[in-house]
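All values below were derived from every heavy atom in this structure, side-chain atoms included, with hydrogens, water molecules and symmetry-related copies excluded. Reminder, nothing fancy here: chain letters follow the sequence lines and each chain counts from 1. Computed from a predicted model, the values in this text were never measured in an experiment.
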Amino acid sequence: MRVGPSEGLVVVVARLAFLLVLVALWSLAAQTGPRGIIPSPTATWEAGLRMWDDQRLQRALGDSLLVFSAGFGAAAVIGIATGFLMGSIRMLGRTLDIFVYALAATPRVAFIPLVILLLGLGVEAKAFIVFLGAVMPVILNTYAGVRQSDPDLLEMARAAGASRFRTYAHVVLPGVVPFLVVGLRLGATIGLINTVVAELYTAVRGLGGLLALYGNTFRMAEYFVVVLMLALIGVTVTEGLRLVEQRLSRWRETV
Amino acid sequence: MRVGPSEGLVVVVARLAFLLVLVALWSLAAQTGPRGIIPSPTATWEAGLRMWDDQRLQRALGDSLLVFSAGFGAAAVIGIATGFLMGSIRMLGRTLDIFVYALAATPRVAFIPLVILLLGLGVEAKAFIVFLGAVMPVILNTYAGVRQSDPDLLEMARAAGASRFRTYAHVVLPGVVPFLVVGLRLGATIGLINTVVAELYTAVRGLGGLLALYGNTFRMAEYFVVVLMLALIGVTVTEGLRLVEQRLSRWRETV
Amino acid sequence: MMERQGFAHLEIRNVSRAFVRGRQRVQALGDVNLSVRGSEVVVILGPSGCGKTTLLRLVAGLTPPDTGRILIGGQPPRPGRDSAMVFQSFRLLPWKTTRQNVAFALSHLPRAERAARADHYLSLVGLARFAASWPSELSGGMRQRLALARALAAEAPMLLMDEPFASLDAQTRELMQQELLRLLTLRPATVLFVTHSVDEALFLADRVVLLSPRPGRVVETVDLPFGRSRRDAGADPRDDPDFPLIRRHLWERLRAMVLDDPTSDFFGRDPRGGA
Amino acid sequence: MMERQGFAHLEIRNVSRAFVRGRQRVQALGDVNLSVRGSEVVVILGPSGCGKTTLLRLVAGLTPPDTGRILIGGQPPRPGRDSAMVFQSFRLLPWKTTRQNVAFALSHLPRAERAARADHYLSLVGLARFAASWPSELSGGMRQRLALARALAAEAPMLLMDEPFASLDAQTRELMQQELLRLLTLRPATVLFVTHSVDEALFLADRVVLLSPRPGRVVETVDLPFGRSRRDAGADPRDDPDFPLIRRHLWERLRAMVLDDPTSDFFGRDPRGGA
Amino acid sequence: DPFRLIVTDLETPLVPNSVMDLALQEGYFDRAGVEVELVRVQQTPLALAALQAGEGEMANISVDALLQVIARGGADLRAVTSPNKSLPYLIAAAPTVQGVEGLAGTRFGVGRLGSLDHSLSMLVLGAAGIEPEGLDIVTLGQPNVRAQALLAGQIDATTMSIGTLLAMPDPDAVQVLIDVDAYYAAAPVVMKVNAVPAAVLETRGDEVEAVIEALVLASRDYAADGALWAEAMARARPDVDRADLDQLATTYAASWSVNGGLQRQELEHTMEWLAGTEDFADLEVPPMSQWLDFAPLDHVLARIGIADDMDMDVHSR
Ligand SMILES: Nc1ncnc2c1ncn2[C@@H]1O[C@H](COP(=O)(O)OP(=O)(O)OP(=O)(O)O)[C@@H](O)[C@H]1O
Ligand SMILES: Nc1ncnc2c1ncn2[C@@H]1O[C@H](COP(=O)(O)OP(=O)(O)OP(=O)(O)O)[C@@H](O)[C@H]1O
Ligand SMILES: [Mg+2]
Ligand SMILES: [Mg+2]
């Protein structure tokens with residue numbers, strides 16, 4: 001199936017249209033809902049400008065991005081490595097996976113006393129909490145991807161005398177890419193949520209701190225600005241990953 | 001590669017051994033850490049028995065399982081359907097995926113005032129919060145899986161006169177299974193965490209309620225019982241999904 | 001040559017098709033014209049990469065032509081209804097057993113009949129004992145026979161066969177050729193058959209079509225005087241006096257296309273020795 | 001027959017191999033014995049599903065035998081070092097271009113040499129113009145030639161070729177056969193070659209081995225008096241007076257295996273007409 | 001429909017606010033002729049959201065939050081009673097801190113900048129002669145996280161309620177630098193009230209009054225006999241030492257809202273003080289008429305009379 005050259009454009013237009021619909025719905029909800037729960041889009045926009053002007057948003061953003069990128073970066077590296085190990089050493093994978101799932105199902109707040117004890121209240125502690133959340137989908141998606149590599153191609157690689165590393169890099173990894181990218185994307189979104197959790201439960205700072213502040217003082221317009229900011233970071237990271245994936249998937253026939 | 005008949009046994013033994021190591025580490029941490037942060041395994045065991053005897057654990061478990069299964073069930077059904085739609089109607093997928101990621105990156109707590117407004121404080125509201133968290137990995141993994149279906153097989157299905165439904169059920173779905181199962185597993189773990197969040201942020205009940213209660217009053221042994229309970233539910237659900245996957249993957253060569 | 005009422009008559013008119021990816025453009029077919037009568041067997045011969053598979057996909061309606069029209073019984077092709085296809089790369093569903101793979105193409109039948117029909121065609125291709133095996137447990141030739149059974153089982157008015165016997169040993173291949181001819185007398189169908197074997201072409205065809213490489217074009221059609229429908233059942237075309245002449249002619253034409261055509265992959269090679 | 005020092009001598013002793021899945025058990029090979037001299041070309045003939053691919057995988061060291069031993073130069077086979085394999089189903093890496101697919105097998109070479117070597121073998125198989133294409137953009141025959149180039153480029157002491165020309169048209173096939181023989185005079189290697197074509201076997205082999213189906217056993221080995229290494233370069237084996245006799249003999253044996261062997265897939269079929 | 005009372009404690013608390021749980025447990029609500037259902041949520045903002053969503057008729061919430069919502073035009077709510085005006089806070093510190101003076105320059109944990117506990121702590125520390133500017137303020141969100149951080153040695157001191165202190169597994173691991181009485185003396189403000197939506201006052205006024213009546217009567221009983229409270233608490237909280245309960249009962253002897261807990265002077269002082277805090281820096285504190293309604297309590301007191309040993313001033317407005 002061939003694809004028109006303007007498809008990219010159509011997607012942009014469709015996304016904008018959908019965005020407009022969402023904003024319209026939001027506007028409606030703000031008007032009809034009870035007072036003080038949903039701010040109007042314009043009030044939110046003005047609050048955003050205010051927060052930008054007095055540098056508050058930038059500072060919080062800087063704090064949160066530092067925590068997020070440290071935790072998510074570690075999760076990507078360690079998650080991919082662990083997933084590969086678990087997927088390729090069969091016994092290791094079978095032994096560990098149940099514990100990884102157990103860990104994944106345990107609310108992060110449960111670890112917070114432990115984290116405070118070991119890592120204190122600073123950036124390390126926060127990044128670790130982000131890491132804990134983000135690493136799970138990365139590990140598990142990578143693991144699943146590696147396990148379903150094409151056995152015929154693996155055999156071919158052996159027959160071609162490829163080293164273990166070469167086989168991983170050139171045979172397993174490219175097949176895992178779609179899984180991996182979904183894992184990273186999910187990891188990024190969970191990592192963002194955990195950034196907020198970490199900022200609420202250890203020394204309060206960043207976007208999480210703003211969320212607490214505005215939530216507790218009922219400044220809903222400012223609150224929404226922070227929420228939208230988080231959504232925006234999420235979109236940026238996941239779209240970035242999409243570009244990476246696209247580059248790595250040029251070989252695919254466009255379906 | 002052929003697999004010994006006792007492999008299942010080896011896995012069980014390895015898992016038990018690893019479990020023992022974990023318990024030993026836990027024991028050590030309880031002894032060396034400051035008092036009141038990490039309870040010892042025996043204290044936790046006794047607390048568990050106590051909570052079981054006075055029915056507290058069972059009641060909380062019942063409440064939480066109801067919320068969890070309602071939310072996760074809905075997430076499975078709606079997530080798979082949405083993922084399929086997005087994966088098969090290309091424009092729809094491209095238009096919506098960015099919004100799904102934005103939604104996934106938004107902390108669930110941000111929606112809680114809205115959820116309370118629309119659904120109250122009861123089971124519906126809680127199940128909805130669980131749904132919101134669990135549906136994301138299901139949608140996104142299904143979506144990715146559908147998008148990478150083998151175009152040759154899809155063409156074959158067209159040539160064989162298979163209906164749209166038949167093609168989904170017999171060509172796309174089986175290829176998506178590994179993705180789907182990871183999505184469901186991640187969804188289950190996130191759903192469990194969100195069960196706790198929901199129980200904390202709407203009317204306090206269930207395991208989440210116990211967690212808050214024991215956390216606030218520093219009853220760490222009881223607290224750990226609840227945490228382990230959650231891990232156990234997570235393991236049960238994900239192992240159940242493993243059995244389903246195994247059944248659906250009999251056709252694979254064992255690698 | 002019996003033109004039967006109701007059998008799929010195929011018209012290919014000025015069809016061309018190119019593949020574009022990135023900056024690369026491959027003109028697979030350029031201006032192909034061909035008309036196939038209902039229940040005729042046309043065999044397509046041509047060098048590797050000349051567009052035979054592409055032509056079959058176009059006729060099956062799986063991909064649209066860039067220019068020109070394809071008509072089956074006067075209508076554009078409807079995938080899965082007008083024709084059944086044996087794909088060159090088999091395209092089996094790895095998660096279905098041998099039997100289920102055949103039954104997959106039989107969704108129009110009542111559920112009960114499907115297994116019976118599948119088993120019938122499986123035993124025809126010699127896979128009865130492997131009905132419950134997964135494709136990954138079959139040898140290459142067995143997979144090809146499975147793909148063959150699946151296409152035959154559909155009992156479609158038109159058969160599109162893309163080197164359906166390439167992975168079979170010579171004896172099994174001959175058996176399958178004979179089974180095909182037998183089936184066609186029982187239940188006539190229009191057949192477009194791609195092969196690399198000139199002998200196979202002469203044995204099966206009413207007419208042989210020669211395709212040249214990039215862009216693929218019909219350079220010659222040869223009506224066989226000893227064609228399948230002109231000879232008695234069981235008669236060996238090799239006994240016909242024209243057989244060696246036509247065989248040599250086709251062979252020379254193909255040889256020229258591979259070695260002398262500047263668009264061919266082997267233009268200008270000078271092999272020592274030859275056929 | 002020149003036994004050269006240092007070339008891989010292959011010993012297959014009492015080798016058997018079964019596949020078990022669930023309750024089903026298929027005895028693919030039962031007690032195979034074969035000894036191949038260094039730089040000899042042995043062609044294996046046998047009906048579909050008789051265990052030819054399995055035998056090659058065993059020799060490549062990709063799967064262990066259930067019983068018996070396989071020795072190459074006295075040692076158990078080391079995958080990727082003693083041999084290069086052309087797989088029946090090609091097994092190309094879909095995410096690598098044509099050139100990268102060939103280069104993948106050349107990790108032992110310095111990076112700079114890889115592309116040059118790859119390009120050399122790509123032009124040998126007529127794919128020079130498609131060096132930057134993805135496998136999904138190639139036709140069936142082009143994919144097979146790519147798999148062939150990959151195995152040849154490794155320049156291994158032993159070549160395991162599983163129907164390497166099955167998807168090629170007759171002319172290209174002949175070109176490739178000649179290229180193979182030319183390469184073998186330049187750089188001798190031990191070759192185990194699976195084919196379904198008796199003519200190809202007679203053209204390429206020093207010795208032909210007949211395999212019977214399930215369990216696969218060596219039922220006969222035929223030393224060709226006009227074998228590749230016994231004739232002058234460029235001489236046509238068909239000119240040898242023994243050629244038609246041996247051809248007919250092999251043909252009959254194979255026919256018997258397909259039709260008269262109770263373990264064959266087509267036992268008891270009675271085809272009208274024949275070869 | 002039952003009358004839903006939203007509380008922000010997850011179980012019967014170890015403070016006079018327990019009167020709400022106990023009134024239900026001990027049948028005071030029944031006797032006042034109202035069917036009450038307790039709805040438990042974690043924090044004041046959720047209680048407020050639940051009230052606005054119509055998921056409850058009355059909620060026990062903090063005064064600063066109530067004034068914030070109303071000042072921002074977010075809701076139409078009225079405080080009608082306060083079963084426990086002021087939570088019994090204290091300042092606890094790590095054993096290494098040398099007396100109150102030793103707090104200077106240490107790491108001090110608060111919920112967030114500008115939160116009630118932050119403002120109160122600064123007020124109390126200021127009264128004790130500690131320069132707030134010299135402290136290293138660490139914002140830590142939840143009260144239990146502050147306590148855990150204190151135990152883990154990540155902060156040196158923090159404000160906590162006596163309930164939190166008693167719950168700590170090893171109360172001796174920390175020292176109390178400023179006790180409950182000194183704390184309240186330095187910061188005598190009303191922290192918690194029971195608020196109802198204006199609409200509920202109109203449609204279910206009788207039930208509101210019945211609830212107030214039950215709470216006042218229960219408070220009077222416990223004020224008269226501390227052992228009664230301790231006994232009721234022992235039933236509600238079997239996990240707590242009876243000795244601790246008895247001791248708490250004496251501590252609280254004078255803290256019961258026997259007249260509904262709404263004293264104009266205290267409330268005005270609270271408003272004044274709030275106006276000076278960071279959270280109200282850019283916000284007008286709303287006038288009392290906008291967030292408070294004395295009428296239901298007055299009706300109750302008119303019916304059952306006024307107790308005259310404590311909690312007096314109000315009715316003299
Ligand atoms: N992985 C496997 N699992 C189960 N059975 C297998 C497997 N591989 C091969 N077999 C069985 O072993 C037998 C021999 O298979 P093999 O692929 O070696 O045949 P072959 O001689 O190469 O046939 P062909 O000419 O059709 O390629 C077949 O009956 C096949 O069903
Ligand atoms: N999906 C595709 N994308 C790009 N190019 C393609 C695609 N399919 C086919 N081609 C090109 O079109 C030409 C014809 O391909 P086709 O598969 O039709 O050849 P063929 O005649 O079937 O060859 P063979 O006998 O080798 O199977 C080839 O040059 C091939 O590279
Ligand atoms: Mg083709
Ligand atoms: Mg084979």
Side-chain angles (χ1 to χ4, degrees), chain A residues 1-3 5 80 83-84 87-91 141-142 144-184 241-255, chain D residues 53-54 56-64 77-109 111 114 118 132-138 146-147 149-162:
Chain A
M1 270 152 272
R2 284 154 313 152
V3 153
I80 294 175
F84 260 85
S88 44
I89 307 175
R90 188 184 158 80
M91 280 310 299
N141 263 335
T142 309
V146 171
R147 266 181 25 215
Q148 63 109 54
S149 312
D150 185 341
D152 282 358
L153 290 184
L154 289 177
E155 194 178 88
M156 182 281 291
R158 279 181 66 214
S163 65
R164 214 156 218 270
F165 174 78
R166 208 172 157 71
T167 306
Y168 284 138
H170 295 269
V171 183
V172 178
L173 185 61
V176 177
V177 161
F179 275 89
L180 191 58
V181 169
V182 182
L184 287 173
L241 286 168
R242 199 174 64 75
L243 293 183
V244 173
E245 183 184 20
Q246 215 164 42
R247 213 190 129 65
L248 293 178
S249 301
R250 279 169 308 161
W251 56 273
R252 269 181 210 284
E253 290 176 76
T254 42
V255 189
Chain D
T53 300
T54 305
L56 292 198
R57 286 177 65 220
L58 287 164
V59 171
L62 296 175
T63 185
R78 296 163 304 175
R81 302 195 43 198
D82 297 318
S83 57
M85 184 146 171
V86 184
F87 289 96
Q88 191 171 11
S89 51
F90 317 160
R91 303 198 184 178
L92 305 174
L93 294 171
W95 41 77
K96 289 194 176 285
T97 61
T98 299
R99 182 186 286 121
Q100 289 167 342
N101 262 288
V102 178
F104 177 73
L106 306 178
S107 50
H108 54 286
L109 292 187
R111 203 167 271 279
R114 285 182 208 165
S133 298
W134 307 108
S136 64
E137 298 175 296
L138 303 181
L146 173 51
R150 180 174 61 191
L152 294 178
E155 299 186 349
M158 180 179 286
L159 267 171
L160 305 172
M161 308 180 84
D162 199 353

Per-residue contact mode, [X] against chain A (heavy atom under 4.5 angstrom):
{"X": "D/R81", "value": "neither"}
{"X": "D/R78", "value": "neither"}
{"X": "D/L92", "value": "backbone"}
{"X": "D/S133", "value": "neither"}

* Name the option with the most non-hydrogen atom pairs under 4.5 Å to chain A; the candidates are D/K96, D/H108, D/M85. =>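 Option with the greatest count: D/K96.
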
* Structure fact -> Heaviest contributor of heavy-atom pairs below 4.5 Å to chain A, chosen from D/P94, D/A154, D/P135, is D/P94

Testing the basics here: between [X] and [Y], what is the closest heavy-atom pair and its distance to 0.1 Å?
{"X": "A/A162", "Y": "D/F104", "answer": "CB-CZ, 3.7 Å"}
{"X": "D/S107", "Y": "A/R166", "answer": "CB-NE, 3.2 Å"}
{"X": "A/R250", "Y": "D/W134", "answer": "O-NE1, 3.8 Å"}
{"X": "A/V171", "Y": "D/W95", "answer": "O-CZ2, 3.0 Å"}

* Output the distance between atom CG (A/D152) and atom CZ (D/F90), rounded to the nearest 0.5 Å. => 12.5 Å

* Reported CG-to-CG distance for the pair A/D150 and D/L93, which is rounded to 0.5 angstrom -> 9.5 Å

* Would one find more than 12 heavy atoms of other residues, nucleotides or ligands at under 6.0 Å from atom CZ of A/R164? ->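 Open.
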
* Do any N or O atoms from the side chain of A/R158 and from the backbone of D/G61 form a donor-acceptor pair under 3.5 angstrom? -> yes

* Can you tell which of A/G161, A/A160, A/P174 has the highest number of heavy-atom pairs within less than 4.5 Å of chain D? ->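 Ranked by heavy-atom pairs under 4.5 Å with chain D, first place is A/P174.
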
